[in-house]
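What follows is a short report on a single structure.
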Amino acid sequence: MRLLKTGAFVRQARSARICTSYTLAAQPVCPPSLQYSRSIPHSQTPATIRWSSTQTVTQPFPEQSVPPFREVDPSKTATQSSSPTSDDTAFKEHLQTIGKESKIVHESGKSGSLILGKPYLFDQTTNVPQSILDLVGRNLYDNPDHPLCITRKLIESCFPSPEFNHFIQADPVVSVHDNFDVLGFPKDHPGRSRTDTYYLNSSHLLRTHTSAHQHAAFKSLAPEDGSVTSGYTICADVYRRDSIDKSHFPIFHQMEGAKVWALDGDISQTRYNRMLSRTQKIATDLRNLPQTDFLVTEQNDNYHPETNPIQEEHDKKETVLLARHLKRSLEFLIESIFRAAQSASNQTTSGNAPIKARWIEAYFPFTSPSYEIEVEWNNTWLELLGCGIVQHPILNQAGLREHVGWAWGLGIERFAMLLFGIPDIRLFWSTDPRFLKQFSQGKITQFEPFSKFPACYKDIAFWIRSAPASSTPVNSNLGSSGVAAAAGGDATKASPAETQPAAFHENDIMEVVRDVAGSLAEDVTLVDEFVHPSSGRKSLCYRINYRSLERTLQNDEVNALHDEVGKRMVGLHGVELR
Ligand code: FA5
Ligand code: MG
């Protein structure tokens with residue numbers, strides 16, 4: 001077990017001004033499809049950096065271990081979309097003349113919305129509710145005094161320019177192709193399901209992860225003479241129909257990072273020798289990474305032939321070096337976050353328990369091998385990020401045919417909760433000055449709860465339909481909202497394809513509660529499940545915990561909300577209340 005040495009952190013934090021203040025450098029040049037954020041110069045990276053001496057892999061790998069490149073197979077991933085009629089074009093023009101941003105419009109048998117100036121026509125696939133569109137465009141990551149923005153800048157500072165470019169992508173609407181197909185998501189991947197993802201129509205959705213911009217960002221790294229930039233970060237708001245609790249919200253913020261290495265050495269050398277030089281370069285870069293005291297348990301090996309394989313194009317030793325470089329870079333990031341948090345909390349609390357963290361094996365369609373890191377938080381394991389070695393076809397498509405590299409994606413809220421001691425993800429959306437006034441640019445301060453208002457929980461029990469009512473998707477109406485997760489997709493909850501509609505999906509109730517109660521719903525949990533012995537009908541009971549972060553809720557108000565939840569469950573999902 002490797003543990004974070006908190007005492008050392010606190011001492012270093014005191015002497016090194018860790019992360020409590022940092023400033024901004026000039027913006028780099030902007031490629032067409034992505035907007036840059038500002039970056040923080042290396043000299044101001046947060047932690048005290050010590051340089052380690054790591055062993056280098058010296059053994060060459062055999063030439064025959066380099067099979068031809070794979071390409072993404074479109075028949076396994078691509079989605080079809082229908083062509084628009086002249087009626088559709090007219091309605092889109094109409095949406096633009098109305099000019100009301102993010103309002104869902106129903107007129108003359110058509111529905112749609114204008115989102116950041118672009119019109120979208122709804123169809124049978126649409127499941128995005130008004131309550132979600134209301135939150136589009138808040139750009140919390142771009143408000144310098146907001147904890148999410150402070151966290152973003154701290155994360156960017158651990159991946160300094162000019163080696164890394166930093167991007168922000170404000171428009172949340174992406175094509176199904178960019179969110180899933182180009183990344184190699186199989187057609188039946190649960191992440192594609194309407195129970196997990198907010199679709200505007202069959203071709204466009206609210207991005208479920210920043211990886212939707214991976215292809216564009218990798219293209220920005222395509223070889224250019226003299227460029228020292230070999231990596232990037234991307235920050236954006238992402239949307240998922242997900243469960244309701246203190247660490248899940250249907251809109252959250254992600255950051256994605258990647259770094260690639262090209263074939264190295266003189267072009268006159270054989271490809272094999274240039275690959276050897278590349279491996280040496282990765283080993284040198286690994287040695288030169290900042291040393292960390294952050295100690296993490298390794299639950300699995302760096303790869304596993306069946307469950308977490310090395311790609312067929314890749315060499316084992318090179319992959320292990322890449323994996324170690326990736327993990328060490330992220331350990332440095334997490335250590336920096338904890339140092340900053342501990343430096344801040346040291347002024348307000350007594351003593352810090354050592355942080356427990358572990359690397360576990362993971363799966364993403366666009367990386368292999370893949371990993372996740374979890375930390376202990378409130379007596380449970382909290383997943384902070386996913387990462388892995390980039391699938392070769394993805395680099396090929398972006399014009400990086402001679403490269404290898406790693407990528408990661410993290411939830412900014414998860415880091416900000418640890419950094420500022422913020423106990424509930426809903427607080428990030430608060431407009432209450434008692435929350436907002438506690439934070440200011442470049443400063444890490446421990447959140448001081450301004451009050452704890454009483455919770456009020458109510459149960460809802462119902463019989464679910466015994467079988468799918470029809471082949472129509474369960475969430476097909478525009479009035480309901482959505483909840484659930486998945487860039488990785490949650491196969492345990494989701495019905496993978498709309499060809500197999502579930503009688504009931506847990507995200508259906510999450511969606512209804514979110515739409516009715518908004519951020520007044522603190523969590524929703526299944527408390528009872530029962531199958532009638534003779535009829536075989538299934539009954540579920542969910543406990544909804546209502547609590548405002550800003551005021552005491554009145555009984556009548558909660559009763560009205562709860563009644564509305566019941567009505568919508570009956571009307572939208574055909575349940576029978578008990
Ligand atoms: C992804 O989204 C991948 N795109 C990450 C990735 C990028 C992997 C590049 C490999 C290479 P995942 O679904 O696990 O993976 O989400 C990434 C992180 O987002 C999680 O580790 C967690 O920190 C955060 N996250 C996920 N769901 C939520 C949620 N509902 N609320 C808040 N944070 C969330
Ligand atoms: Mg995950």
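Order of listing sets the numbers, starting from 1, for every ligand and every atom in it.
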Within less than 4.0 angstrom of ligand 1, does E413 place any heavy atom? no
Is the cationic atom of R514 (NZ for Lys, CZ for Arg) positioned less than 6.0 Å from the six-membered ring centroid of F249 and within 45 degrees of its normal? yes
Looking at ligand 1, does T210 have a heavy atom less than 4.0 Å from it? no
List the residues meeting salt bridge (charged side-chain N to carboxylate O under 4.0 Å, His left out) with R543, not counting sequence neighbours, and say none if there are none. D459
Under a 3.5 Å distance rule, please check whether H146 uses its side chain to pair with a backbone N or O of F428 as donor and acceptor. yes
Would a 4.5 Å heavy-atom cut-off, applied to side chains only, mark R152 and D142 as touching? yes
Can you tell which part of T367 has a heavy atom less than 4.0 Å from ligand 1: side chain, backbone, both or neither? side chain
Keeping the roles fixed (side chain from T210, backbone from C235), state whether a donor-acceptor pair exists under 3.5 Å. no
May I ask you to check whether L384 has an N/O atom sitting below 3.5 Å from an N/O atom of ligand 1? yes
Report yes or no: does W406 have a heavy atom closer than 4.0 Å to ligand 1? no
Under 3.5 Å, is there a donor on one side chain and an acceptor on the other for E448 and Q438? no
Ranking A258, G411, G409 by closest non-hydrogen atom to atom 7 (C) of ligand 1, top hit is G409
If only side-chain N and O atoms count, and only distance matters, is there a donor-acceptor pair under 3.5 Å linking E550 with S430? yes
State the atoms of ligand 1, each with its element, that fall below the 4.0 Å cut-off from a heavy-atom position in S247. 31 (N), 32 (C)
So for T208 against ligand 1, with non-hydrogen atoms under 4.0 Å, the contacting part is neither
Is the backbone N or O of H248 less than 3.5 Å from a side-chain atom of R240, with the two atoms forming a donor-acceptor pair by type? no
For the backbone of E256 and the side chain of Y232, can you confirm whether one donor and one acceptor N or O come within less than 3.5 Å of each other? no
Is the shortest N/O to N/O distance between F252 and ligand 1 below 3.5 Å? no
Tell me whether ligand 1 is touched by S370 - counting only heavy atoms on the residue side and a distance under 4.0 Å. no
E372, N/O/S atom nearest the Mg ion (ligand 2): OE2
Can you tell me if E318 and T279 form a side-chain donor-acceptor pair at under 3.5 Å? yes
Taking heavy atoms and a distance under 4.0 Å, where does F366 meet ligand 1: side chain, backbone, both or neither? side chain
Which residue in the set E312, H314, R401 passes side-chain hydrogen bond (donor to acceptor under 3.5 Å, both in side chains) when paired with H392? H314
Structural part of H248 in contact with ligand 1, heavy atom criterion under 4.0 angstrom: both
If you measure every N/O of Q254 against every N/O of ligand 1, is any gap under 3.5 Å? yes
Under a 3.5 Å distance rule, please check whether R328 uses its side chain to pair with a backbone N or O of T292 as donor and acceptor. no
Is there at least one pair of N or O atoms, one from S211 and one from ligand 1, spaced under 3.5 Å apart? yes
Give the numbers and elements of all ligand 1 atoms closer than 4.0 Å to a heavy atom of L385. 21 (O)
Which atoms of ligand 1 are found less than 4.0 Å from any heavy atom of C387? 8 (C), 10 (C)
E383: its N/O/S atom lying closest to the Mg ion (ligand 2) (atom name): OE2
Taking the minimum heavy-atom distance to atom 2 (O) of ligand 1, which of E374, E383, R240, M255 ranks first? R240
